[in-house]
Q: 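Quick one: the structure is below, questions incoming.
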Amino acid sequence: MMDTLLDVEDLWVRFPSRQGVFDAVRGVSFTLGRERLGIVGESGSGKSMTGRAILRLIRPPGIVEAKQIALNGDNLMEKSEKDMRAVRGQKISMVMQDPKFSLNPVMTIGAQIIEAYRQHNRTNHADAYAKAVEMLQAVSIRDADRVMRAYPHEMSGGMGQRVMIAMMLIPNPQILIADEPTSALDVSVQRQVLDIMDGLVKERGMGLIFISHDLNLVADFCDRVLIMYAGRIVEVCEASKLSQAKHPYTRGLLNALPRLDAPRDHLEVLQRDPAWSTAPSVSGRVA
Amino acid sequence: MMLDIDTLNVWFGSGRDRVDAVKAATFSVARGESFGLVGESGSGKSTILRAISGLAPQWSGRMVVDGTPLTKTRPKAFYKAVQMVFQDPYASLHPRHSVDQVLGETLHLHGFGDIDARVVKLLDDVGLGQKFRFRYPHQLSGGQRQRVAIARALAPEPQLLLLDEPTSALDVSVQGEILNLLVDLRRDRGLTFVMVSHDLSVVGHMCERLAVMQNGQIVEVLGVDALRQNAATHPYAQSLLAASI
Ligand SMILES: Nc1ncnc2c1ncn2[C@@H]1O[C@H](COP(=O)(O)OP(=O)(O)O)[C@@H](O)[C@H]1O
Ligand SMILES: Nc1ncnc2c1ncn2[C@@H]1O[C@H](COP(=O)(O)OP(=O)(O)O)[C@@H](O)[C@H]1O
Ligand SMILES: [Mg+2]
Ligand SMILES: [Mg+2]
């Protein structure tokens, strides 16, 4: 993979408190090309903080430290907050688990997309409207005109998530960070949302960071996977080879899953080794 | 039969706002059996459990638990025999009640005397141990909270446990521990389970038979072998299985 979009080197996210400093992300390094990069791990392992830190969206007192977070060679760590605002949304977009928290509840979907579009493009209302409809159609929303008039609470989870992705695509970002984007959706709808993101990676050459706790889903959908434990990457592997992962933590997670093709009386219980959380983070960088 | 459901209809609201959440559902569960309910969100799975446990007041049809037909008001013995465990243990536990209070009050409510000894036993039975006895919900992990919720459900010594997505909010490693606990409890106590899950592999692991729901209706009841062999016959059930594998 020649084409590195993002290069994250030695990323730390720290939360100082009266009891001392809690390190939520501990020296994580990885690159992202025009690929679907999965980040998996249990809750609390630092997946969301890693995603947010890239956009420098960690709220104080949280601190982000890194040797570099380079977007096309340009170190985001050195940017002013004002310049970061241009990066967010324009070059790197983020989709969260629950679209209901990200959309304005008292504005129609149409008004929100048009507003977002006009923030990025000098154009009149009619053009922006046409563009918004086009965006909705790009995420497989068929009755786009009706959705334009709808309010967020009138949409199902899958529809809301598609609208969010449509909004994120307006500035044509190079990178999409999707944090558990389908965890709240039914399997059939999940598939549709994944297909849309898949198309974006293939057709627009976008880089996708796909954060999930679902190993099967990541194995199925991504190209490469980082497995996180206690703020560190413990293993990096090709998604299609996740079932052959070697780290005892990854193996433990896989074996804890019930399987229709392999019935058992009892599921394997993950035995945690304290050494997992002290071993240095494995690098997910591809030269 | 532990549970017999015949042409059950459940609705919410009235007039124009009426929602028919369950339509003519029919199934039965033998004593000691574990029965699954699967289907997309909004298909009526939780509503069936809520109707059985008396939390959905508007229903028609026939529900029989352990030979006793259910009426609009449930006798005290019913609440002893049938207990429910919800998806989100945080929402179902009072934030300012310690584990000891939660279990003690439940035992008291059901008329038990030897409360102290029973609390100790319940904590051991769900694998928590005594060091958790005086903790509050916010001092527990998600899996530990779900163990408390299971201990509370076990307190009145029920025969039928209604489990509504009991592990959906948990990490897979913790899910495995809770499912193992439920398997052991069912075997040791001869419990009957009705379990809702959106995860077919969880239902396949836990249940002998399952019903597939769509828009408030049960479209197919199948055995776990048919599930494993992807051998549903109803087109919707087939598509649900296909999407999950
Ligand atoms: N504001 C905060 N203060 C202290 N710790 C925090 C804060 N926000 C998150 N954390 C901790 O950071 C760790 C990583 O969190 P997160 O990245 O959200 O995990 P994941 O997304 O993998 O579930 C967790 O242990 C969490 O408790
Ligand atoms: N208290 C309620 N008032 C009105 N409608 C409800 C209520 N509870 C559930 N419903 C509706 O009943 C249907 C079935 O819901 P539910 O049983 O929760 O589905 P599931 O558990 O399969 O996701 C849905 O359309 C839901 O919106
Ligand atoms: Mg997260
Ligand atoms: Mg439900």
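Residue numbers begin at 1 in each chain, while the letters A, B, ... track the order of the sequences. Just so it is clear, the model here is predicted, and its values are computed rather than measured.
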Q: Using a 3.5 Å distance criterion without hydrogens, assess whether the side chain of B:R228 forms a donor-acceptor pair with backbone atoms of A:L260.
A: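 Pair found, side chain donor or acceptor close to backbone of A:L260.
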Q: Could you walk me through whether B:S173 and A:L253 satisfy the side-chain contact (heavy atoms from CB on, under 4.5 Å) test, starting with their C-alpha distance in whole Å, then the side-chain angles of each, then the deciding distance to 0.1 Å, before giving a yes or no?
A: CA-CA 6 Å; B:S173 57; A:L253 289 183; 4.2 Å; yes
Q: Could you tell me which non-hydrogen atom of A:D265 sits nearest to which non-hydrogen atom of B:V183, and how far apart they are?
A: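 Reported closest heavy-atom pair: O-CG1, 3.9 Å.
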Q: Would you indicate whether the side-chain heavy atoms of B:H198 and A:V187 approach each other to under 4.5 Å?
A: no
Q: State, with a plain yes or no, whether a side-chain heavy atom of B:Q175 is found less than 4.5 Å away from one of A:P258.
A: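 With C-beta onward as the side chain, the pair touches.
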Q: For the candidates B:D184, B:D171, B:V203, B:D199, which exhibits the highest count of non-hydrogen atom pairs separated by less than 4.5 Å from chain A?
A: B:D171
Q: Would you mind checking which part of A:L254 comes under 4.5 Å of any heavy atom in chain B, side chain (CB onward), backbone (N, CA, C, O), both or neither?
A: neither
Q: Verify the neighbour count for atom CZ of A:R259: are there more than 12 heavy atoms of other residues, nucleotides or ligands below 6.0 Å?
A: no
Q: Just give me the residue among B:V224, B:N180, B:L170 that pairs up with chain A most often, heavy atom to heavy atom, under 4.5 Å.
A: B:N180
Q: Sorted by first residue and then second, give each ring-ring contact (aromatic ring centres under 6.0 Å, His included) pair with at least one member in residues 249-279 of chain A; sequence neighbours left out.
A: A:Y229-A:Y249, A:Y229-A:W276, A:H247-A:W276, A:Y249-A:W276
Q: With sequence neighbours left out, what residues match A:S277 under side-chain hydrogen bond (donor to acceptor under 3.5 Å, both in side chains)?
A: none
Q: Look at A:S43, A:G252, A:A256 and state which one has the largest set of heavy-atom pairs under 4.5 Å with chain B.
A: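 Highest number of pairs under 4.5 Å: A:S43.
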Q: Given heavy-atom pairs under 4.5 angstrom as the criterion, report whether the side chain, backbone, both or neither of B:V202 touches chain A.
A: both
